[in-house]
Amino acid sequence: MIEGGFFVTALVYLAAAVCAVPLAARFGLGSVLGYLLAGVAIGPFGLGLVGEEGQDVMHFAEFGVVMMLFLVGLELDPTVLWRLRIPILGLGGLQLAATAVVLGGGAWTLGIAPRESVALGLILALSSTAIVLQTLEERGLSKTQAGESSFSVLLFQDIAVIFILALLPLLASHPAHGHGEAGHGSSWVEGLPAWAQTAAVLGAVFSIVLFGRFGIRPAFRYVARTGLRELFVAAALLLIVGVTLLMTRVGLSPALGTFVAGVVLSNSEYRHELESDIEPFKGLLLGLFFIAVGSAIDFGLIGQAPATMAGLVLGLMTAKALVLWGLGWLFGMGFDQRLLFALALAQGGEFAFVLFSFSVSNGVVSTELASRLIAVVALTMAATPVVLAGFQRLLLPRVGTRERADRPFDSIDEDAPVIIAGFGRFGQIVARLLETQDIPITVLEYDSDQIDLLRKFGRHAFYGDATRLDLLESAGAKKAKLLVVAVDRPQKALEIVQVARRHFAHLQVVARARERSDAYDLIDAGAHHVVRETFGSALDAGVQVLEGLGIRRYRAHRLARAFARHDERFLREVAATRHEVEDFFSMIRKRRAEVERTLKADLGRPGSHLDAAWDVQTLRAEMGSSSGGESPVEPATSTGGPSPTSAGQGRTAPSGRDR
């Protein structure tokens, strides 16, 4: 093991990750296996760069699993969680019970004592939440039927750990080796009667739900008003650390507590911001966890009896896969989904490291057997990414489809076809128009006070800065069709357009511009449509002035539409050439004069039949009711100008073949 303190150790872990993960990804093995291989390389049986401190790193890295469950909770609407109650309780409960019976019975037939066999069955029935969810997400399988069922089983297992910890001391058959620790610190409920411990546990969960419902939003709103992103990140980490500490002090699983907190906040306007802020920490800590698992594999013990260890690894994964296959058939999964479900959960879980340590300390399992089985669990965890990679590449194309017909996760708002960034006076008009056609939208707003006001009116908006790539991704930009940039700060609007066009080429971008110069910048940035916030209203005002001067309604609107068309073309010509022309202002004057001459030439014939047609009463007076002319119809509208019907008069007008 190398010397040099914290910074040298950090350098070793980071260098191992940076070197190993890209190589694993290059060969299609996924980041999880890359981290595991990095741990093996720097561990005691590789280069020997890390050693005794690996266990301390493991405790620290478990926080990544906690963060992952918090993010999973954020993605689950409570109504979706309620729909999953049958898979969670039914499928999860049956999996744990059936697998524990099969594995415990197998241990008993191999000559292990009954009590010890029961403990082994319960511990080995658990699967790895971190490896399964991360691997399924990387391979795009998390929203398949098997992926959702795997999540349900893993969630039930995380809950069951609490009861397993309570049951294990009752199975003691060996001399105890210490006091053991199920968590990270002493418990507040030790020594209390059973009813008091139950009350404390229920009170802790209830306090998380209560604070999440009524305390989090005011707290985050207060933090958001500072405008400091780092402070928001600190508040998010404070929330997770606080929930983790509370759960460990009452003897509950920290992952379960943070999952509950995430579910409570899943409808919060701060959801996307929390996801974006926590994601980098989650990924880094999970990577550290996987490296620690790889470095903890005892290859010396494996080398003493390689055939026995290989048989235990194969036997464990086969037994669990067969049980899972049967449950998949019982719950109506297709062939391909049953196979994926069985392979995904066939490994041991990260809680086995804690539970085996706890069992040894309490005299439940012998030290030698626990050490051997910890190595087996680590090997099954390392094998899972390889197995799933082989399934996706070799078996999935041959045995069926990836997705099921009805996927509740696909109905969440991140899949809306339109994202609106900015929900002030401009963005709200766009949203109301879309709502008249039942078009789903995802709204991002950076002003927490505005969000609070919108919620009082029944509006749903998410807090977040749309200039951030990770936030746009979590809001569904990869699947959306159109992005409306409606923020009122020109520089912020420009940054959003630049990020969107750089990373989401398929998105049509409609951007709001305050001034003409802002419109030039937005066009340069790649916005497909630029709407100047005062142009339309000023054009309407001009129409009203023309009508007030006695010019007929149709002629005024026709002039406005033509003016809008020419000005739009003029705007884009100037935007494309303004940096190349020596005398910019001279060019502006020349182009404006050209537009005026064109409009005068095209529309300078007063008193035409079409002009009279806009005013229905005048038309009737001039043509008479017996006229054989064509029936008046709605004029065609053109892009860039107001429709003749915008005056709200409900009148008809003749054909718009007037160019």
Side-chain angles (χ1 to χ4, degrees), residues 24 29-40 43 45 58 61-62 65 95-96 98-100 102-104 106-107 110 119-136 138-139 146 150 153-154 157-158 161 164 286 289-303 305-325 339-357 359 365 369-392:
L29 300 177
S31 65
V32 175
L33 186 58
Y35 285 121
L36 291 170
L37 293 176
V40 171
F45 300 95
M58 176 74 78
E62 286 171 2
V65 181
Q95 181 275 332
L96 184 64
T99 308
V102 170
L103 295 178
L110 292 175
L120 295 181
L122 290 172
I123 295 173
L124 295 176
L126 303 176
S127 303
S128 174
T129 301
I131 285 182
V132 173
L133 294 186
Q134 183 78 1
T135 304
L136 290 177
E138 284 184 358
R139 301 195 171 279
S150 299
V153 170
L154 292 168
Q157 290 179 0
D158 289 338
V161 169
I164 296 174
L286 271 181
F289 171 78
F290 297 137
I291 292 176
V293 170
S295 65
I297 298 176
D298 192 342
F299 286 95
L301 183 61
I302 296 171
T308 301
M309 295 298 291
L312 289 174
V313 170
L314 184 61
L316 174 61
M317 297 189 73
T318 301
K320 295 188 73 171
L322 289 175
V323 172
L324 292 163
W325 175 274
L339 185 57
L340 174 58
F341 180 60
L343 295 177
L345 297 176
Q347 76 291 126
E350 55 269 354
F351 280 114
F353 300 115
V354 177
L355 293 174
F356 274 126
S357 176
S359 299
V365 179
L369 181 58
S371 299
R372 190 179 298 273
L373 290 179
I374 285 175
V376 169
V377 168
L379 287 174
T380 61
M381 293 170 68
T384 298
V386 179
V387 171
L388 290 179
F391 165 79
Q392 190 174 29

ask   = Looking at OG1 of Thr380 and CG of Leu124, how far apart are the two atoms once the value is rounded to the nearest 0.5 Å?
value = 8.5 Å
request  = Taking all non-hydrogen atoms of both residues into account, name the closest pair between Ala38 and Ile291 and its distance.
outcome  = CB-CG1, 4.3 Å
ask   = In Å and rounded to the nearest 0.5 Å, what is the OG to CG distance from Ser128 to Leu154?
value = 8.0 Å
query = So how far is it from Leu343 CG to Leu388 CG, rounded to the nearest 0.5 Å?
reply = 6.5 Å
task = With sequence neighbours excluded, tell me which residues meet side-chain contact (heavy atoms from CB on, under 4.5 Å) with Ala305.
result = Thr308, Arg372
query = Do the side chains of Leu136 and Leu340 get nearer than 4.5 Å, heavy atoms only?
reply = yes
request  = Name all residues meeting the side-chain hydrogen bond (donor to acceptor under 3.5 Å, both in side chains) criterion together with Gln347; count only those two or more places apart in sequence or in a different chain, and write none if there are none.
outcome  = Thr384
inquiry  = Do Leu379 and Ile302 make a side-chain contact, defined as non-hydrogen atoms from C-beta onward lying under 4.5 Å apart?
reply    = yes
remark   = Taking every heavy atom of Ser359 against every heavy atom of Ile123, the minimum-distance pair comes out as OG-CD1, 3.6 Å
task = Search all heavy atoms of Ala146 against all heavy atoms of Phe341 and return the closest pair with its distance.
result = CB-N, 3.7 Å
ask   = Looking at residues at least two apart in the chain, or sitting in another chain, which of them share a side-chain hydrogen bond (donor to acceptor under 3.5 Å, both in side chains) with Thr135?
value = none
remark   = All heavy atoms of Ala125 vs all of Gln157, minimum pair found to be O-NE2, 3.4 Å
task = Using a 4.5 Å cut-off on heavy atoms from C-beta on, say whether the side chain of Leu345 contacts that of Lys320.
result = no
query = Atom OG in Ser150, atom CG in Leu324: separation rounded to 0.5 Å?
reply = 8.0 Å
inquiry  = Once rounded to the nearest 0.5 Å, what's the spacing between atom CG of Leu122 and atom CG of Leu355?
reply    = 9.0 Å
query = Are any of the side-chain heavy atoms of Ile164 and Leu126 separated by less than 4.5 Å?
reply = yes
remark   = In short, Leu103 meets Ala319 closest at the heavy-atom pair CD2-CB, 3.8 Å
key: Over all atoms of both residues, closest heavy-atom pair of Pro385 and Ala382   = CD-O, 3.3 Å
task = Would you check if Ser127 and Val153 make a side-chain contact, meaning some heavy-atom pair closer than 4.5 Å?
result = no
